[in-house]
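Throughout, protein chains are lettered first and strands after them, A, B, ... in sequence-line order, and every chain is numbered starting at 1. Here the structure is a predicted model, which is why all the values come from computation and not from measurement.
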Amino acid sequence: MGEHRYKWIGTRPNRPDGADKVTGRARFGADFNMPGQLVGKVLRSPHAHAIIKSIDVSKAAALPGVKAIVTSKDFPEQPNQIVSAGEMLVNLRDITRNVMAREKALYDGHAVAAVAATTEAIAKEALGLIKVDYQVLPHVIDVEAAMKDDAPILHDHIRTEGVEPKPTKPSNIAKRIAFAKGDIEAGFKKAELVVERTFHTAPVHQGYIEPHAVLASAAEDGQVQVWCTTQGQFTVRGFCSRLLNLETSHIRVTPSEIGGGFGGKTVVYLEPVAIRLSQKTGKPVKMVMSREEVFRASGPTSGGMVKVRLGATRDGRLVAADCTAALQAGAFPGSPVGQGCMCSFACYDVDHIRVIGYDVVSNRPKVAAYRAPGAPILAWGVESAMDILAQELGIDPIDLRLKNAAKKGTKTHYGPTFNTIGFEECLQAAKNSDHWKSPLKPGFARGIAAGFWFNIGGDSSAAAHVGEDGTVTIISGNPDIGGSRASLAMMAAEELGIDYTKVRPIVADTSSIGFNFLTGGSRVTFATGLAVVEAARDVVRELKKRAAKIWEVEPDAVVWENGEAKPASTNVGQQEPLSLAKLAAMAGKTGGPINGHGQLNAQGAGPGFGVHIVDLKVDRDTGIVVVDRFTAVQDVGTAVHPSYVEGQLQGGAVQGIGWAVNEEYIYSAKGKLENPGFLDYRMPVASDLPRIETILVEVANPMHPYGVRGVGEVPIVPPMAAIGNAVARATGVRMLDLPMSPPRLSAAMDAARPKMAAE
Amino acid sequence: MQDIQYAAPKTIDEAVALVAGANGSGRILAGGTDLLVQMRSGMLSPGLIVDVKKIGELTRISEEGGGFVIGAAVSGAQIGEHARLPKAWPGVVEAINLIGSKQIQGRASAGGNLCNASPAADSVPALIAAGAIVVVQGPKGRREMPVEKFHAGPGRSNLTPGEIVVGLKLPPRAAGSADAYLRLIPRTEMDIAVVGCGVSLTLQNGKCTAARVGLGAVAPTPLLVEEAGKALVGTTLDEAALGKAAAACRAACKPIDDKRGTIAYRTKIAGVLLQRAAKIAADRAKG
């Protein structure tokens, strides 16, 4: 930190997309329209679990203005085959059923049919005329209930994987996974103190402000164009290709500006339906979800149960760490339980670890990725248990973590050995922070917690096109959800040695740039950044060639410095440097257009660690938590654009605060979602929050030329436990279940009062 | 599909005639902050919308014999900025000003909040505590009723067909009087009351000589809790009196478990808010 080796990296220029966003010119998912377009609407199941005996669309089809109706019969059956979608894995057989229910409706809000009509009013009226004959089945919402032997079974074909001998009976437990390091029982034998608790978290929605929206146009020659809000236009193309049996080159997907995704826009809901309706009608079809539909039918992250057992010596050394987690997958298998289990104890260097996870289906919308999928659920348990341990041992909670911190060379329980990581640096930075050193205000208490996320790399393509005036367009294929265009342009400017304002980054459609895996896993600035660096270096190679041609020397007699070609040494002769602008102007005479390309599978994503500190008070009468001060400390590798890195930390912390204190899905006894809106699904509002302070720790990732690590996900991992730990210290009541909403916290304090008075 | 007719009459008589002639499909539009949301969500599809913002009596605040009459369509922002009303009725005004965000305040009216008939309406417990009177006009003429008699159940009022709310009367204030309204929401803004509590009282020489308590969101309709008021009268608002009044509030609660709160929590909070609101009102009464 501090030393500025770079001209652009580490500075805070304006974002290229900023002006369009503040003036309203930016186009989001619902802003795309075509002449003659139809309006598509989805009919959704009112039942949590029901056999679809028949669907009669005849009355709806007869309504004037209705142009097409689709049901599951319009989508080909898919194989029972797993493909990756962001940080999640999805099964094609399941995803076609999630897009349009087939044999059964599996949750309140599950799509069962869709209509395209000339107006929204006609489309809505038509939905009311579709007659679905349901046979309502018993349903199950919660994860532990779904695991019971007598629970209603969602899928008759599911036999729990990872269990020997292979079960013969169907189960809602889709999978059991296990990780181990050392010998867990031997570890606990060395323990002088054991802490054991069972924790729960509620499923929470990503809460992106922009609902899912798509415009699809299928032409007579089979070509399909799609405009939609997504975290991955190539993912949309891939899914639509598979689900509709279309060749990828026949689908062109253009991503809109995106009003938030946080992982929730890594899958498809409306896109295949809109394409199918467009194919049937020959007209463009536009579909936009209402907020209610977003809540009822798009994927939240799992809720879960986490049982944690920690063993330590009296001096605070962890000797054994054991946990069992069961995560809700929603209606189809595929919760992030694997990632959660891997993250569980990743912060700590412990000899004996065992982690067991269960992936459990229940009658809720299929979960989707949400910032560090799975990790926050496990961290709620593990980091709360660490705080209990610190309290019982009488050790400062930061010191306890420092004593056990993972570092370079630590072998994780899930396999890899850490390269250079910055967890100890984060803990030290937290300890040295103004926040940690400041005395508490009267009536307030302080909590801390840590968090880990892997971050990923993956497939990226980028191009750098030099214009005839020497300005450069950087073309990549990742929707920009966190300021990535600015960061990519800054890296290109740094490589090319030209001004940031001479570099214009764009996000291209699927036919205009090579494949890019989606925006997720905190991978874009790292992986697509590498592709951009490659593309810029490709341009520089070409520029050196052109200068060499002009000077009639060998290309390696030319160097590129500060945006100019210069002779490598005086031996080459006295030559006036040639700027990028000059070389661009002469390109036609030296070999034609100058473009660069980068395409790669990025390896070596640097894991991220964070430590959060919170000061809060609890209203003893009402159970309301008032957060007064919050600091997020994180190893960010290199902060390419510090403002956007800080924004990621602040945003993650805020979502974590919501997860901790208020957010939850409330289901009726019949399995109907009762709070599908922002009024009663209580995300924090601005007045609930203090300014989130950030401390950027920069431990460079050795696997990236600028030391970049992903930063977007770690910050949602620690907040829940940081708040729970502060609540425990403020009230003497240890909350084990999220959310710590006013009614729950109030009831817990009331229940503890007689006991505390007696003590 | 049904066409929607829109009318903006200039007199109360015209408005009443329009509503009465619409056979139950007429809806009054004041600020529209409930009506339009309900129409968009598909809860309501009125055949006729009668905009009452062109009617003088409904859009002004007048002062009569030391009291006030708030026209049914006067916005929260106008009420909050009135020269004398916030000083005389700080609890009523703070309750009305809690309805929605700043932007909503520019439109939303106390009359609309009343007619929407939500058990959790913020203005109503404060109006009940204040002893406000609802002025109603219909095909059979004008009548008045206390605010606490206005509601029949969630979303339902005791207006007869064709009747509309004209205004809200707030009585003259005795010296040493003040009111306060508190609500509990899990967040700090943009939420609906889990419990709302209005307290209006008069202090003379340190003793409470009159007190009324209104509670919201704890029963199918907002409640006047007479026992709570009685528990305060004749006392110095000491802890014992406040505790008794809080117990009366808890006893009056008939809440439900729903997405906004549990029976146990709402009942407990009714008592907590009573004590806090009474203290604020007393501090205000003392000046």
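Contact tally against chain A (heavy-atom pairs below 4.5 Å) for B/Thr262, B/Val194, B/Asp191: the top residue is B/Asp191.
The aromatic rings of A/Phe295 and A/His205 lie tilted to each other, with the angle between the two planes from 30° to 60°. The aromatic rings of A/Tyr208 and A/His212 stand perpendicular to each other, their planes meeting at an angle above 60°, with 30° marking the opposite boundary.
In this structure, A/Glu664 pairs ionically with A/Arg744, as a charged nitrogen and a carboxylate oxygen lie closer than 4.0 Å.
There is no contact between A/Ser741 and chain B, counting heavy-atom distances below 4.5 Å. For B/Arg266, no part lies near chain A; criterion is any non-hydrogen pair under 4.5 Å. Contacts of B/Leu184 with chain A are made by side-chain atoms alone, with heavy-atom separations under 4.5 Å and no backbone atom involved. Both the backbone and the side chain of A/Leu679 have a heavy atom closer than 4.5 Å to some heavy atom of chain B.
To the nearest 0.5 Å, atoms CZ (A/Arg620) and CE (A/Met749) are separated by 5.5 Å.
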*Run the numbers on B/Glu189 and A/Asp688 for side chain to side chain contact (heavy atoms under 4.5 Å, CB included), then give the verdict.*
CA-CA 8 Å; B/Glu189 286 284 350; A/Asp688 294 340; 5.8 Å; no
